[in-house]
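So you know, we letter chains A, B, ... as the sequences are listed, proteins then strands, and number each from 1. Computed from heavy atoms alone, side chains included, the values below leave out hydrogens, waters and symmetry copies.
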Number of protein chains: 4
Amino acid sequence: MAKSTPSPIVTAPALDDAALDDAAGAEHASHGYISNKDDYLKRLRRIEGQARGLQNMVADEKYCIDILTQVSAMTSALESVALGLLNEHLTHCVAEAVRSGGDTADAKIKEASDAIARLVRS
Amino acid sequence: MAKSTPSPIVTAPALDDAALDDAAGAEHASHGYISNKDDYLKRLRRIEGQARGLQNMVADEKYCIDILTQVSAMTSALESVALGLLNEHLTHCVAEAVRSGGDTADAKIKEASDAIARLVRS
Amino acid sequence: MAKSTPSPIVTAPALDDAALDDAAGAEHASHGYISNKDDYLKRLRRIEGQARGLQNMVADEKYCIDILTQVSAMTSALESVALGLLNEHLTHCVAEAVRSGGDTADAKIKEASDAIARLVRS
Amino acid sequence: MAKSTPSPIVTAPALDDAALDDAAGAEHASHGYISNKDDYLKRLRRIEGQARGLQNMVADEKYCIDILTQVSAMTSALESVALGLLNEHLTHCVAEAVRSGGDTADAKIKEASDAIARLVRS
């Protein structure tokens, strides 16, 4: 479960000391997917199974098009995991950085935008 | 294909604080791409030119593969515009909603995540 | 509108006489999208209109997310044109090269695969 | 993340004619990736390893952006496998159907085009 950090809505440009201390104590506070960890693990295990299934299909020399269909399904499943993680990241990590204000917020948004670009282009 | 614009198309720089303050009073304060409007208009005019170029290629019955190469270039240009706009949207509109707090922030992030999903899947 | 240019279709070394005769009557045999030319032109004009619409949206400072939705729609329309052209290319140009045999066939397939890779990655 | 395989993953080379002749007598003659089977299996095992690595990252609550970077890498690796398989399929299976002529050729090309569309859109 993600800890609900008591971050005040401080729109000040710089992190105050209290906010910094809070962040330091909640080690994984900003990793917002924690509450859904089991769900993500389940989906990734299924994706791992798909990768194994593809190996069997190739080993058994199944029909190419059927293999490609499985690859497309696996790619979609991966994309869906990525979009879910990204949404959690925006909701928790980025939003928290914005509330803290300052350069951290801009850096977090830039970092998220770069990750989005990689997803769109991959 | 594209019109010969004298200046190269560059990635949109972020608004500086002064520009933000100016925008704060304006009607469309949350539409963060304003300071780069000319850049986006230039890029979109170039994309429009690519669409016209493709029509000429089809009308002249150019080689299919050459047409496909142009389509890929145009798709990349469009994606690049989308990623730029999205980055501005996160930097300004979403960040502002987060600073304001409340349900609006969550709604804005959800809306942005949905737009990202459409981009990744299109 | 540009008229059909009388570009001679000179195909590969090993065409048999019957195939040659067939090709001679079909002036643009290898550019397989001809029969649908008007359809492709119509779709590309619509895409050009979308590019113009996007410029208006940016000029009027419409809401970012609405612009992104239009970009996604335009990207999908472009992709659809590309997939249609590719299908025609495989059906006509590549298939003809394969029937002619020899190195041309392999080269055509390699060229098509490269175009597919660009589409998948763009 | 991926297993350390001693040899690098290379793009699948095309079958030479001798290999094709050999394959012609075999049960799965039309499944053109056979000569590269070990290469594909190696790449898919590496992808399976990436899926396992992602589970560890989520279980250990690694930073979201780092996980997303790995997802993008895995998606690219999968896409690359798909493009390789597709190229082999066109080179062998589809080309063979075209040489045989008749409705089978058209059906094979339609089937390949549909698989390409799924790849482009996934």
Side-chain angles (χ1 to χ4, degrees), chain C residues 11-16 18-19 22-23 29-30 32-33 35-36 40 43 71-122, chain D residues 10-21 24 30 32-33 35-36 43 72-122:
Chain C
T11 12
L15 268 177
D16 63 25
D22 285 351
S30 68
Y33 55 82
S35 66
N36 297 310
Y40 282 110
R43 290 159 78 181
V71 172
S72 291
M74 191 175 158
T75 305
S76 292
L78 258 179
E79 252 173 28
S80 177
V81 164
L83 291 168
L85 287 172
L86 188 69
N87 180 44
E88 307 251 21
H89 182 66
L90 293 175
T91 307
H92 301 283
C93 192
V94 173
E96 200 157 309
V98 167
R99 279 189 291 268
S100 303
D103 290 347
T104 312
D106 287 347
K108 284 283 176 205
I109 289 173
K110 175 79 175 63
E111 185 188 54
S113 291
D114 289 348
I116 294 165
R118 282 193 297 273
L119 284 179
V120 169
R121 290 177 177 139
S122 75
Chain D
V10 294
T11 316
L15 286 173
D16 61 20
D17 288 346
L20 257 182
D21 286 349
S30 64
Y33 56 81
S35 70
N36 297 309
R43 290 159 79 179
S72 290
M74 190 174 157
T75 305
S76 291
L78 256 179
E79 251 173 30
S80 178
V81 164
L83 291 169
L85 286 172
L86 188 68
N87 180 44
E88 307 252 20
H89 182 65
L90 293 175
T91 308
H92 301 286
C93 191
V94 173
E96 202 157 307
V98 168
R99 278 189 292 267
S100 304
D103 290 347
T104 312
D106 287 347
K108 285 281 176 206
I109 289 174
K110 175 78 175 64
E111 184 188 56
S113 291
D114 290 347
I116 293 165
R118 282 193 297 272
L119 283 179
V120 168
R121 289 177 178 140
S122 76

Spatial distance of atom [atom1] ([X]) from atom [atom2] ([Y]) [nearest 0.5 Å]:
X        : Y        : atom1 : atom2 : value
D:Ile109 : C:His92  : CD1   : NE2   : 8.5 Å
C:Arg99  : D:Arg99  : CZ    : CZ    : 11.5 Å
C:Thr91  : D:Lys108 : OG1   : NZ    : 14.5 Å

For [X], is it the side chain, the backbone, both or neither that has a heavy atom under 4.5 Å from a heavy atom of chain D?
X        : value
C:Leu90  : both
C:Ala117 : both
C:Ser122 : neither

Closest-packed option against chain C by number of heavy-atom pairs under 4.5 Å, given D:Leu119, D:Leu83, D:Asp114: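 Heavy-atom pair counts peak at D:Leu83.
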Side chain / backbone / both / neither for D:Ala95 at chain C, heavy atoms under 4.5 Å: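 It is both, since atoms from each part get that close.
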Evaluation steps, side-chain contact (heavy atoms from CB on, under 4.5 Å), between C:Arg121 and D:Ser80: CA-CA 10 Å; C:Arg121 290 177 177 139; D:Ser80 178; 4.0 Å; yes
Residue pair D:Asn87 / C:Ser113: nearest heavy atoms and the distance that separates them: OD1-OG, 2.7 Å
